[in-house]
> 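One structure, as structure tokens, below. Some questions next.
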Protein chains: 2
Amino acid sequence: MADINISSLSDRAAAGQADQGSYSAEPIWDLIELLFFAYRDFVSDPDDVLAKFSFGRAHHRVLHFVNRHPGMKVADLLEVLKITKQSLGRVLKQLVDQGYVVQKEGENDRRQRLLYVTPKGEALAMRLAGLQTERIARALGQIGPNAHESARRFLVAMIDADGRDDVQKLIARADRARRPRS
Amino acid sequence: MADINISSLSDRAAAGQADQGSYSAEPIWDLIELLFFAYRDFVSDPDDVLAKFSFGRAHHRVLHFVNRHPGMKVADLLEVLKITKQSLGRVLKQLVDQGYVVQKEGENDRRQRLLYVTPKGEALAMRLAGLQTERIARALGQIGPNAHESARRFLVAMIDADGRDDVQKLIARADRARRPRS
DNA sequence: GAAATATGTCAACATGGCTGACATAAATAT
DNA sequence: ATATTTATGTCAGCCATGTTGACATATTTC
């Protein structure tokens, strides 16, 4: 970042906000770039930990959703991640072989391999979620009182209209799936 | 998404919000997952267009920042993208060879290769930014009046504290760099 | 003139996407 | 009861994009 002069950001941001509703001639540069930078940093904390386990982001995603969704079907995971079964197979196999995830035969349908985290898997998943939670909590803490709710609404609205309901159901369902206590 | 029952999301979200400030025992699941889904969809529109040009996300990022930052140094781009010069070199070469980006010798320092988009490059960059802007504008439109500002503040706060100022300066500077008119 | 800097390039490797083809077991339909 | 569909797994290979390490060249700075 070389010869960069400071200038007031807020007035430009305000102008951008005014733009946005009326005519969309000008791209919403600030949010486009902030999404890039925010997401980059958001995934960087887990990445560092995962590297010590010789795991990557792909493992993280699988571990995360299996942890959140005990008993998830392989097919569900494929749909959530929107990747092919071959791509999933590669990382899932490693997670199973190394004892982070187990697969159990479905009771109703014995073709299914329902996915569960082991205690070891849960520990790692929770550690990674903890890192991301720290970042989010720090961010929310720097903003007003209903920061969580407004961030949530923005992110939900950014999701494809088709998938939006499914995602919200997924989140709601997972909240009940974990936490049988309390 | 198979056998998923609906349940009220809002009460869980509210509970999550209450958690967050006081004790951070429980991960902020909803925002963790929403960031994943929102970002996934956010980059998917450009991806589709880029595929027609045989370009990928890496090209998009380079094109985006060069478009936003006419005259950017290669070193600056490396710092922004946080990738190695070899990775950058590969995609940059393609963009230059195919006439989307040009490199000009620095006037003060003739070792530098300052980066500029061609008209062709600008057209593509703006088209991609337009897609992302549509999504953002749609999202902001579904929320309250100061949605833009609160989204901006959330995303800024999510960035690493060290890089935060640089990012904001980068955005502010770019806003002035493009738009010499008006 | 020597050293540092900005950039480029070659080679090799890792990760995690992808397609296509094929295999197996279990459920479902005819 | 057999045929088909479904859920999952697996082999083989390709592609995009990240990495490291080594080295080359031009230019600026000390």
Side-chain angles (χ1 to χ4, degrees), chain A residues 1-3 36 40 43-44 46-48 50-64 66 71-97 101-116, chain B residues 1-3 36 39-40 43-44 46-48 50-64 66 71-98 101-116:
Chain A
M1 253 35 58
D3 53 285
F36 168 71
R40 188 189 62 182
V43 292
S44 73
D47 279 355
D48 295 342
L50 289 157
K52 297 188 213 153
F53 293 74
S54 298
F55 285 154
R57 256 174 234 186
H59 302 88
H60 184 192
R61 291 195 281 261
V62 170
L63 191 59
H64 170 91
V66 173
M72 198 176 199
K73 288 192 303 175
V74 170
D76 291 341
L77 195 46
L78 289 177
E79 209 181 321
V80 167
L81 299 178
K82 292 212 179 122
I83 59 175
T84 59
K85 66 178 170 179
Q86 294 91 330
S87 294
L88 173 60
R90 200 155 32 193
V91 293
L92 182 55
K93 191 170 191 309
Q94 296 175 335
L95 288 169
V96 170
D97 288 350
V101 171
V102 288
Q103 299 179 279
K104 292 184 191 169
E105 212 170 54
E107 296 203 341
N108 301 336
D109 188 334
R110 290 174 42 229
R111 290 170 304 180
Q112 298 172 352
R113 294 298 126 88
L114 306 183
L115 302 169
Y116 298 87
Chain B
M1 270 334 119
D3 52 284
F36 167 72
Y39 193 79
R40 187 189 64 182
V43 293
S44 72
D47 279 356
D48 295 342
L50 288 156
K52 297 188 214 152
F53 292 74
S54 298
F55 286 152
R57 259 176 230 184
H59 303 88
H60 184 193
R61 291 195 281 260
V62 171
L63 191 60
H64 171 91
V66 173
M72 198 176 199
K73 288 192 303 177
V74 169
D76 291 341
L77 195 46
L78 289 176
E79 210 180 321
V80 167
L81 299 178
K82 293 217 176 114
I83 58 174
T84 59
K85 65 179 171 179
Q86 294 91 331
S87 293
L88 173 60
R90 200 157 29 196
V91 293
L92 182 55
K93 192 170 191 307
Q94 297 174 16
L95 288 168
V96 170
D97 288 351
Q98 297 178 43
V101 172
V102 288
Q103 298 178 280
K104 293 184 190 170
E105 212 170 54
E107 296 203 341
N108 301 335
D109 187 336
R110 291 173 39 227
R111 290 170 304 182
Q112 297 173 351
R113 295 297 127 87
L114 306 184
L115 303 169
Y116 299 86

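Each chain gets a letter, A, B and so on, in the order its sequence line appears, and its residues count up from 1.
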> Tell me the closest heavy-atom pair linking A/E107 and A/R110, and the distance in Å.
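Closest approach of A/E107 to A/R110, heavy atoms only: O-CG, 4.3 Å.
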> Please compare A/V74 and B/K82 by the position of their nearest nucleotide in DNA chain D and report the one closer to 5'.
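Its nearest nucleotide lies further toward 5', so the answer is A/V74.
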> Are any of the side-chain heavy atoms of A/H59 and A/F53 separated by less than 4.5 Å?
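Side chain of A/H59 against side chain of A/F53, heavy atoms only: no contact under 4.5 Å found.
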> Is there a side-chain contact between A/E105 and A/R113, using heavy atoms and a 4.5 Å cut-off?
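They are in side-chain contact.
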> Sort out for me which residue in B/L88, B/V43, B/L81 forms a side chain to side chain contact (heavy atoms under 4.5 Å, CB included) with B/R61.
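Answer to the side chain to side chain contact (heavy atoms under 4.5 Å, CB included) test with B/R61 among B/L88, B/V43, B/L81: B/L81.
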> May I ask you to test the A/L92-A/Q103 pair for a side-chain heavy-atom distance under 4.5 Å?
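The answer is yes, as the side chains (C-beta and beyond) meet within the 4.5 Å cut-off.
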> For A/E105, report the nucleic acid contact type (base, sugar-phosphate, nothing); a contact means any heavy atom under 4.0 Å.
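The answer is nothing, as A/E105 stays clear of every strand by at least 4.0 Å.
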> Detail all sub-3.5 Å separations between protein N/O atoms and N/O atoms belonging to nucleotides 28-30 of chain D.
residue : atom : partner : partner atom : Å
D/dT28  : OP1  : B/R110  : N            : 3.1

> What closest approach, in Å, do B/V66 and B/Y116 show between heavy atoms, and which atom pair accounts for it?
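Shortest heavy-atom separation between B/V66 and B/Y116 comes out as CG1-C, 3.6 Å.
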> Could you check which of D/dT10, D/dT8, D/dT19 has an atom nearest any side-chain atom of A/A75?
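Side chain of A/A75 sits closest to D/dT8.
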> Need two values: the first and the last nucleotide of DNA chain C, 5' to 3', having an atom under 4.0 Å from any heavy-atom of chain A.
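Range of nucleotides within reach of chain A: C/dG16 to C/dA27.
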> Would you kindly give the CG-to-P distance between B/L63 and D/dT17, to the nearest whole Å?
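The distance from CG of B/L63 to P of D/dT17 comes to 13 Å, rounded to the nearest Å.
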> Counting only side-chain N and O atoms of B/R61, is one of them less than 4.0 Å from OP1 or OP2 of D/dG18?
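Looking at the OP1 and OP2 atoms of D/dG18, one of them is under 4.0 Å from a side-chain N or O of B/R61.
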> Please compare A/Q86 and A/G56 by the position of their nearest nucleotide in DNA chain C and report the one closer to 5'.
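Looking at the nearest nucleotide for each, A/G56 comes out on the 5' side.
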> Side-chain N or O of B/H59 less than 4.0 angstrom from OP1 or OP2 on D/dA16?
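For D/dA16, neither OP1 nor OP2 has a side-chain N or O of B/H59 closer than 4.0 Å.
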> Do the non-hydrogen side-chain atoms of B/L115 and B/V62 ever get within less than 4.5 Å of each other?
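Answer no - side chains too far apart.
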> Determine whether A/Q86 and A/R90 make a side-chain contact, defined as any pair of heavy atoms from C-beta on separated by less than 4.5 Å.
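Not in contact.
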> Quick one: A/K73 NZ to D/dT6 P, roughly how many Å, whole number?
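For the pair A/K73 NZ and D/dT6 P, the rounded distance is 12 Å.
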> Rounding to an integer number of Å, can you tell me how far B/H60 NE2 sits from D/dA16 P?
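Atom-to-atom, B/H60 to D/dA16, this comes out as 18 Å.
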> Would you classify A/R90 as touching base, sugar-phosphate or nothing, given that sugar-phosphate means primed atoms plus P, OP1 and OP2, and contacts are heavy atoms under 4.0 Å?
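Base contact.
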> Could you give me the CA-CA distance, side-chain angles and deciding distance for A/V80 and A/M72, then say whether side chain to side chain contact (heavy atoms under 4.5 Å, CB included) is met?
CA-CA 11 Å; A/V80 167; A/M72 198 176 199; 3.8 Å; yes
> If each of B/K85 and B/V91 is mapped to the nucleotide of DNA chain D with the nearest heavy atom, which maps nearer the 5' terminus, i.e. the 5' end?
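Comparing both residues, the 5'-ward one is B/V91.
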> Over all heavy atoms of both residues, which pair between B/A58 and B/V91 is shortest? Give the atoms and the distance, please.
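Looking at all heavy atoms of both residues, the closest pair is CB-CG1, 3.7 Å.
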> Start at the 5' end of DNA chain C and walk down; is the nucleotide closest to A/R113 or to A/L88 reached first?
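So the residue in question is A/L88.
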> Could you state the CG-C1' distance from B/L95 to D/dT17, rounded to the nearest angstrom?
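Atom-to-atom, B/L95 to D/dT17, this comes out as 14 Å.
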> If only side-chain N and O atoms of B/S87 are considered, is one of them under 4.0 Å from the OP1 or OP2 phosphate oxygen of D/dT19?
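Yes, because at least one side-chain N or O of B/S87 sits under 4.0 Å from OP1 or OP2 of D/dT19.
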> Would you mind classifying the nucleic acid contact of B/Q103 as base, sugar-phosphate or nothing, using non-hydrogen atoms under 4.0 angstrom?
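Sugar-phosphate, backbone atoms only, no base.
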